[in-house]
*Asks:* 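Sharing a structure, written as structure tokens. Questions coming.
Quick note: residue numbers are just sequence positions, from 1. Just so you know, ligand 1 is whichever comes first in the structure, and atom 1 is the first atom listed for that ligand. Remember, it's a predicted structure, so these values are computed and weren't measured experimentally.
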Amino acid sequence: MKREKWTDEDFVSREFNEKFQYDGKDLGVHCGDEGTVFKVWSPFANKVELRLYRDDTSGVWMTRELQQEEKGVWGTRFRENLHGVYYDYLVEENGRQVVTGDPYAVGCGCNGKRSMAVELRRTNPVGFETDVAPLPQEEQIIYELHIKDFSYDQQSGVPENYRGKYKAFTIETSNGAYPTCMEYLKGLGVTHVQLLPFFDYGSVDEAGDEKQYNWGYDPVNYNVPEGSYATDVTDGTVRIRECKEMIQAFHANGMRVVMDVVYNHTYREDSWFQRMAPGYYYRHREDGSLFDGSACGNDVAAGRAMVDNYIADSVMYWAKEYHVDGFRFDLMGLLPVELMNRIRRELDEEFGPGEKLLYGEPWSADHSPMEEGKRAAVKKNSSYLDKGVGFFCDDTRDLIKGDAFHGEEPGIVNGAEGLEDSLLHAVTGWRDGGADYRPVSCAQIINYVSAHDNFTLWDKLVLSMCDEPEYLERKEKLVVANKLAAFMYFTCQGMLFMQAGEEFGRTKFGEENSYRSAPEINMLKWHRTVEFADLVDYYKGLIRLRKKLPGLCDKSSSAANRIFGRKIYGEGIFSFQVDNRTVGGDDEWEELFVIYNVSDKLCHVALSEGSWEILADGRETDCRRIPVQTPKGVPVEARSGMLLGRRASVSGKEVSKQTVLGA
Ligand code: CA
């Protein structure tokens, strides 16, 4: 079949799919004692030759022509177990020959150039077969982390040969003075760690020095871990084993792992995809040029049958083989709703409903068309997305701390006025209106104020609140604003997400796009955990407290009904109440009262009848204090929040079991 026959439109035609859609799960290489099977999907090829290598650097050891099978698949079988053998393919199409790695490879050599046959069970670290994720907790609190950022700092307490590597997560760490790395992290209380891309990416030379840095949004081998985080790239099994060890270590320390995945584009158009099936995997304009909705040069054509199969199978592979507990889709808006819902369904079928987290960025960088009849997984289409497909809520983010792209523009914690009403909608995850979209549940909403993109929260506060930016200096008014920002999103319904180091004033010295800046700019500077110990404690308390508040953790579609009694007292002073009861639960506090005072004056707010306790205020979180009652009410300090709980009365408890919401 000549490729010239097919256009982008044809790729989704019934004719094409009848001829070439392959739904088998055996693409790639599978090896074991029963032999080794190679299979690739290369629909336009006239001939496909397999080339084997004894290692990553030597010349061709052996070649073999693949047999053409059904639906564009080519394959061959060896009786031997070829574990550890490297390979690539010579694909011939209309007289043109091209060498390519295997898009379905599960192993590769240095810089991902040669694929590697791997018998996966041999890469399991000790105990991996019995590795299980920690039990789900009351809330999902996600901590976004880059592997190199974690341990690059000399103060990290990690030995030099492990710094910036998968291995850094597997050791007990302390620098002698205070807890760092995993020791620090397990004390924080977050339930999930979301790791920036750790599939094999192209921007860092794996044979190069440690000073290189990239976030890793430039995929090369989707189903292989990145090599620059491994201690040895000369043996392709090391990166696999060490990546598994990292995930195992997170599980052992009580955290689940979310993988940041980038299926929306590839490092270069000249990818294994393109070499295997020219044109098929990318979106083209009429003039033949590539769409660039990713702003990275190309858009993978999600929505086409074999692309969707690839993405869904890849997600399933990481979940099964590496025990990954969730997936964060980069530029999810470039993928169709139908694909995201399919992945949700497949994950649920395999692992149980909701067991794996699934969420993404509900936008794209630029326009890119969906295939006919498909909807982009963007915010305005949230009602078509499954309840279990979440997305980052930039509305709440910008409301709290100001526009993400313009450093000086304030949000509610750093000087903007008139946003009280909006924030009282944000607390329901925008379920009760107030936004130009309507999530099907607050389960879809990820509340956050900082992520790897744009300014760190600290830098944003510096830029918006200081005349002269001075990033390293601790200024109390910034700490106060930081605590208020945290208090605000921790009192919103939905999932919670934070950038690593937000809790200790992380600075990147005002750099808003540090994707390839020096590791010294990006790394977590561990001494700041001491300098900002009060802020760290403030976050720790919020994390602990949040898990005790079913009224805020509720992810049911009726969760918004728990929010009532919204009130604006005056400029910058406002509050709401939360029905905190659960069915048959041991409800310590039947009602919550959340007060925000973003004004610069102390205020007083009257409490209703009952036995109230302060559970958090501007200074302390997860506390239990009896409020000081004055004739005017309870005093709330300037620029702070207060969360109170009303203790359940015995008789009230009986009633609550019958009338409780969300049942
Ligand atoms: Ca790489």
*Asks:* Between E242 and R239 (salt bridge meaning N to carboxylate O under 4.0 Å), is one present in this structure?
*Replies:*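 Answer for the salt bridge query: no.
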*Asks:* Between D153 (side chain) and Q155 (backbone), is there a donor-acceptor pair under 3.5 Å?
*Replies:*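 Looks like yes, one N/O pair under 3.5 Å.
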*Asks:* Report the name of the N/O/S atom of E226 located nearest to the Ca ion (ligand 1).
*Replies:*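 Output for this pair reads OE1.
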*Asks:* What N/O/S atom of D200 gets nearest to the Ca ion (ligand 1)?
*Replies:*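 Within D200, restricted to N, O or S, the Ca ion (ligand 1) is closest to atom OD1.
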*Asks:* Is the cationic atom of R397 (NZ for Lys, CZ for Arg) positioned less than 6.0 Å from the six-membered ring centroid of F392 and within 45 degrees of its normal?
*Replies:*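 No, cation not above the ring by the 6.0 Å, 45° rule.
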*Asks:* Would you kindly say whether N124 and K244 are connected by a side-chain donor-acceptor distance under 3.5 Å?
*Replies:* yes
*Asks:* Please name the atom of E206, restricted to N, O or S, that is closest to the Ca ion (ligand 1).
*Replies:*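 Answer by atom name: OE2.
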*Asks:* Please find out if the Ca ion (ligand 1) and some N, O or S atom of Y201 are separated by less than 3.0 Å.
*Replies:*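 Looking at Y201, which is the residue asked about, there is an N, O or S atom under 3.0 Å from the Ca ion (ligand 1).
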